[in-house]
Amino acid sequence: MATNAYDCDWLPLRSRQIALTVTHSLQIELWNTIKGFEDMTSENIEHVSVKALSWDIAADIYFPPGFDKSAKYPAIISAHPIGSCKEQTAGNVYGTALADAGFVVIAFDASFQGASGGEPRFIEDPTFRVQDFSYVVDYLVTLPYVDENRIGVLGICGGGGYAINATMTERRLKAVGTVTGVNYGWLMNEAFSDYAPIAALEAMAAQRTAEARGADLRVDDVLPSSPQDATERGLTEIDLFEATEYYRTPRGQKPNGLNRSLFSHQATAVGWDAFNRAEVLLTQPLMVVVGDKPGAFGAYRTGHEIIRRAASDNKELVVVHGWSHYDLYDKPEPVSKALDKLIPFFNKNL
């Protein structure tokens with residue numbers, strides 16, 4: 001493993017990215033345990049591959065109880081957060097719950113991440129993330145048990161912003177829901193660049209040039225190694241600290257939920273806005289679920305903003321009082337409150 005040092009002083013203290021220089025083949029073994037929602041893991045799961053450009057997207061299909069392959073079902077695409085994977089909240093919590101409610105649910109790993117293909121690894125590029133949804137729809141419409149006119153999408157955290165953006169132009173998606181959705185472009189312009197996007201872009205450009213000339217890839221580990229490490233480093237902002245509690249402890253850890261990003265390929269995200277043209281293009285039914293404890297990742301503000309801007313006549317903001325961004329990932333009470341709204345929403349609109 002290469003150990004070249006890179007200057008990352010431009011990164012914000014409250015959301016400090018701990019820079020690691022690694023090759024794209026680095027593999028890290030993590031615990032594969034989840035607490036609190038072990039009883040929600042469905043046995044009715046099929047592992048499938050979805051064709052993308054020149055690689056496959058890895059996905060899990062969650063089937064409802066008593067599944068009948070000769071029947072037609074509404075389907076929901078469940079999109080994971082930034083740096084997450086299909087086995088975490090998008091799949092093992094919301095995917096399972098929505099399948100139990102009667103939907104066929106497909107949770108997938110983003111291109112370049114998790115078990116999906118694509119090189120180099122750990123690219124977090126909104127262009128590819130949004131295109132992934134259309135590839136998944138392409139796959140769903142080939143399945144005889146999926147009603148092609150009843151396909152919706154649910155996105156969690158950054159997956160929510162991507163789901164909204166995809167829904168604007170992918171008209172085969174008939175309804176969109178988000179849980180603590182985040183506009184990743186805003187986040188890259190603000191907290192993830194210490195409100196200095198030009199400095200961040202210059203650093204990304206320099207790193208990409210170095211890599212083009214043969215330097216090792218710089219892959220940033222975007223979270224502290226543990227809650228204790230976060231506390232010792234003074235990284236106690238609510239979203240950052242609770243992300244560490246979720247991703248860096250047995251509560252949420254999964255082998256592919258690495259929270260890593262290829263630094264040199266983040267420039268597209270800095271110039272991206274999940275809500276661009278929402279006033280015109282986002283006409284499908286929309287439900288946005290947020291907690292009322294605002295944090296640096298901006299889900300509370302993001303939720304209010306997209307509800308204000310969306311062209312849809314059928315839209316609702318659900319505020320889950322007393323709970324935070326990461327509470328909505330897996331804690332039973334806030335998740336149940338979210339599902340109490342989302343399940344009727346999808347039943348009505350799909």
Side-chain angles (χ1 to χ4, degrees), residues 74-82 90 94 98 103 105-108 110 124-138 140-141 147-190 268-291 297-320 325 328 338 341-350:
I76 296 174
I77 301 169
S78 187
H80 66 68
I82 303 295
Y94 287 95
L98 290 168
F103 300 94
V105 181
I106 184 167
F108 67 96
E124 185 64 51
D125 186 320
T127 303
F128 286 107
R129 286 293 302 258
V130 169
Q131 289 176 348
D132 284 347
F133 290 91
S134 289
Y135 296 129
V136 175
V137 175
D138 289 343
L140 287 175
V141 299
D147 185 337
E148 67 180 75
N149 296 310
R150 300 169 69 197
I151 299 175
V153 60
L154 175 70
I156 298 95
C157 186
Y162 293 138
I164 284 172
N165 191 267
T167 300
M168 291 190 219
T169 53
E170 179 50 85
R171 306 309 290 187
R172 294 175 294 179
L173 295 173
K174 305 304 182 183
V176 56
T178 68
V179 175
T180 197
V182 167
N183 185 334
Y184 188 53
W186 290 2
L187 190 56
M188 287 298 296
N189 269 269
E190 298 177 353
T268 298
V270 178
W272 186 74
D273 177 9
F275 302 158
N276 183 43
R277 303 282 291 164
E279 298 87 348
V280 175
L281 299 178
L282 186 54
T283 60
Q284 296 97 315
L286 169 67
M287 175 167 282
V288 173
V289 180
V290 296
F297 296 173
Y300 185 80
R301 180 188 64 162
T302 293
H304 285 78
E305 178 73 6
I306 190 56
I307 286 294
R308 181 182 67 82
R309 291 175 57 181
S312 175
D313 293 326
N314 179 359
K315 55 186 176 181
E316 181 179 356
L317 175 68
V318 177
V319 179
V320 183
H325 184 102
L328 282 160
K341 292 290 189 176
L342 287 165
I343 290 171
F345 168 78
F346 284 121
N347 276 327
K348 176 182 178 181
N349 293 293
L350 293 181

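- Using a 4.5 Å cut-off on side-chain heavy atoms (C-beta onward), Ile82 and Val182 make no contact.
- Classification of Glu148 and Arg172 as a salt-bridged pair fails, no side-chain N sitting under 4.0 Å from a carboxylate O.
- Considering all non-hydrogen atoms of both residues, Gly303 and Val288 come closest at CA-CG1, 3.6 Å.
- Annotation: the span from Ile76 atom CD1 to Ile106 atom CD1 amounts to 12.5 Å, rounded to 0.5 Å.
- Ionic pairing of Glu305 and Arg301 is not present here: no N-O contact between side-chain nitrogen and carboxylate oxygen is shorter than 4.0 angstrom.
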Is there a side chain to side chain contact (heavy atoms under 4.5 Å, CB included) between Leu342 and Val179 once you walk through the steps? CA-CA 9 Å; Leu342 287 165; Val179 175; 3.7 Å; yes
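- Atom CG of residue Asn314 and atom NZ of residue Lys348 lie 5.5 Å apart, to the nearest 0.5 angstrom.
- Taking all atoms of both residues into account, the shortest heavy-atom contact from Ala311 to Val280 is CB-O, 4.0 Å.
- A side chain to side chain contact (heavy atoms under 4.5 Å, CB included) with Thr302 holds for exactly one of Val290, Asn183, Leu187; it is Asn183.
- The shortest distance between side-chain heavy atoms of Ile306 and Thr178 does not fall below 4.5 Å.
- In terms of the ring pair (Phe, Tyr, Trp, His ring centres under 6.0 Å) criterion, Phe345 has no residue partners (sequence neighbours excluded).
- Although no hydrogens or angles enter the test, the distance criterion places a donor-acceptor pair under 3.5 Å between the side chain of His80 and the main chain of Ala110.
- In terms of heavy-atom proximity, Ala274 sits nearest to Asn165 at O-ND2, 3.0 Å.
- Applying side chain to side chain contact (heavy atoms under 4.5 Å, CB included) to Ile77 and the options Asp132, Leu154, Val137 leaves one that passes, Val137.
- Test Leu317, Asp313, Ile307 against Leu286 for side chain to side chain contact (heavy atoms under 4.5 Å, CB included) and you get one pass: Ile307.
- The OG1 atom of Thr169 sits 11.0 Å away from atom CZ of Phe133, with the distance rounded to the nearest 0.5 Å.
- Summarising the geometry of Cys157 relative to Pro81, their closest heavy-atom pair is CB-CB, 3.5 Å, with the distance given to 0.1 Å.
- Separating the CG atom in Leu328 from the OG1 atom in Thr180 is a distance of 5.5 Å, to the nearest 0.5 Å.
- Ring pair Tyr162/Trp272 is tilted by interplanar angle, where 30° to 60° counts as tilted.
- Counting only heavy atoms from C-beta outward, the side chains of Arg150 and Lys174 never approach each other to under 4.5 Å.
- Between the side chain of Ser312 and the backbone N or O of Gln284, at least one donor-acceptor pair lies under 3.5 Å.
- Every ring pair (Phe, Tyr, Trp, His ring centres under 6.0 Å) that Phe275 has, sequence neighbours left out, goes to Trp186.
- In this structure a side-chain-to-backbone donor-acceptor pair under 3.5 Å is present from Ser78 to Ala90.
- With rounding to the nearest 0.5 angstrom, the OH atom of Tyr184 is 9.5 Å from the CZ atom of Arg129.
- A distance of 6.5 Å separates CE in Met287 from NZ in Lys341, rounded to the nearest 0.5 Å.
- Residues passing the side chain to side chain contact (heavy atoms under 4.5 Å, CB included) test with Asn347, sequence neighbours excluded: Phe103, Ile343.
- The minimum heavy-atom distance between Leu173 and Gly152, with the atom names listed, is CD2-O, 4.2 Å.
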